[in-house]
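A short write-up of the structure that comes next.
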Number of protein chains: 2
Amino acid sequence: MNVSRKCQYALRAIYELSSRLGAGPTSVAEIASVQAIPPRFLELILRQLRQGGFVESRRGVSGGYLLSVPPRSLNVGAIIRFIDGPIGPVQCTNRNDEAFCSLEGERAFMGMWSRVRDAVAAVYDETTFQDLIDEKNATGQYVGSYCI
Amino acid sequence: MNVSRKCQYALRAIYELSSRLGAGPTSVAEIASVQAIPPRFLELILRQLRQGGFVESRRGVSGGYLLSVPPRSLNVGAIIRFIDGPIGPVQCTNRNDEAFCSLEGERAFMGMWSRVRDAVAAVYDETTFQDLIDEKNATGQYVGSYCI
DNA sequence: CCAATACCATACTAATATGATCGGAATAAT
DNA sequence: ATTATTCCGATCATATTAGTATGGTATTGG
């Protein structure tokens, strides 16, 4: 359930675009520079995010990328799932590896894995990019409370 | 923050030993068979767990492994940390990769990463192996509530 | 037009982590 | 002594990750 570096790059890129809302397209080079992301790699990531409908692109001189959704209605969980796949501590809690799940010894752990998955998903799904911007401006003192 | 397969093996092994409490040593072959774990790999894992003080070993005929701590006072978090290292969605929240953390763009995310880490750790640290045995006997209907 | 700038697509590679195995030595119960 | 078992160090194999390379195609300002 680790968030891959690629995904962290994606999140930072989206965050950067969120903070530049309404300022026209931002180039890959600009985002890469500000967020310290390998430019070619970022190009790859942004293309993928575009195919997922999270960003739009403008070609040509003074082109770049724009957020295609307001930061308030875009949450972190959507990006993480899109880049890294299902959220959860083990494959077992992600509906596909049934063979693995059916293992006798695994049954005792299923409840715990589910609780972890739900707790993590709750945090990611309830954190929008607007929240991230707000939180940063509040110098990171805010600590939310999440119950499952 | 994914729990590696190796770690899942370790947890299942400890769980198996927990359920056989007071029944003398259990051999690697026996545990491997019941829990469907590659035997040689399990051997490696149990040795490691022994060095961590979680289990004891008896050599020779009718030897094997025993839990060295009562299941009630051994929690899942301890095993996961021992096998997989610090719990957390990114390296950044584990006090060592300061260079990575100090990155300007990462600041906005720190609060979220911390909340995820704490939520996950809470579940793991509050689940003992006795809980797992109880939960299984209760046919897995139990769903706990965890707040941070 | 045309040259600069940006996006697009695929393939490739290097490094790292993970998962698992091997051969044999030490130990202890019978 | 024999046999079942743990113990030890090394090694292999594979998958994933992270990032690069190459070679385009589209758009726009001048």
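Just so it is clear, the values below take in all heavy atoms, side chains as well, and ignore hydrogens, waters and symmetry mates. Numbered from 1 within each chain, the chains take letters A, B, ... in sequence-line order.
- In this structure, the CG atom of B:L66 is 13 Å from the C1' atom of D:dT5, given to the nearest Å.
- In this structure a side-chain-to-backbone donor-acceptor pair under 3.5 Å is missing from B:S18 to B:F129.
- A distance-only check finds a donor-acceptor pair linking the side chain of B:N75 to the backbone of B:G77 [under 3.5 Å].
- In this structure, B:R40 atom CZ and D:dT5 atom P are separated by 14 Å, rounded to whole Å.
- Between the CG atom of A:N2 and the P atom of D:dA18 there is a distance of 9 Å, given to the nearest Å.
- Checking D:dC8, D:dT6, C:dG19 against every side-chain atom of B:F41, the shortest atom distance belongs to C:dG19.
- One can place CG of A:L42 at 16 Å from P of C:dA9, the figure rounded to the nearest angstrom.
- Using modelled atom types, one side-chain atom of B:S73 and one backbone atom of B:P70 make a donor-acceptor pair closer than 3.5 Å.
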Please enumerate all protein N or O atoms sitting under 3.5 Å from an N or O of nucleotides 28-30 of chain D, with distances to 0.1 Å.
none

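- The side-chain hydrogen bond (donor to acceptor under 3.5 Å, both in side chains) check on B:S57 picks up B:R50, with sequence neighbours excluded.
- Here the P atom of nucleotide D:dT16 and the NZ atom of B:K6 are 19 Å apart, to the nearest Å.
- Rounded to whole Å, the distance from CD on B:Q8 to C1' on C:dT18 is 13 Å.
- Each of A:V69, A:L17, A:T26 was scored for a side-chain contact (heavy atoms from CB on, under 4.5 Å) with A:V55, with one residue passing: A:L17.
- Taking only side-chain nitrogens and oxygens, A:R5 comes nearer than 4.0 Å to OP1 or OP2 of D:dG19.
- Under the salt bridge (Lys or Arg N to Asp or Glu O under 4.0 Å) criterion, B:D84 pairs with no residue, sequence neighbours left out.
- Looking at residues two or more places apart in sequence or on another chain, you find a side-chain hydrogen bond (donor to acceptor under 3.5 Å, both in side chains) between A:E16 and A:R20, A:Q35.
- Heavy-atom distances under 4.0 Å link DNA chain D to no residue of residues 43-56 of chain A.
- A sub-4.0 Å separation between OP1 or OP2 of C:dA20 and a side-chain N or O of B:Y9 is present.
- Considering only residues two or more places apart in sequence or on other chains, A:R58 meets the salt bridge (Lys or Arg N to Asp or Glu O under 4.0 Å) condition with A:E56.
- A donor-acceptor contact shorter than 3.5 Å links the side chain of A:T127 to the backbone of A:V123.
- Among D:dG19, D:dC7, C:dG19, the nucleotide with an atom closest to any side-chain atom of A:P38 is D:dG19.
- Proximity of A:S57 to the phosphate of C:dC8: a side-chain N or O atom is located under 4.0 Å from OP1 or OP2.
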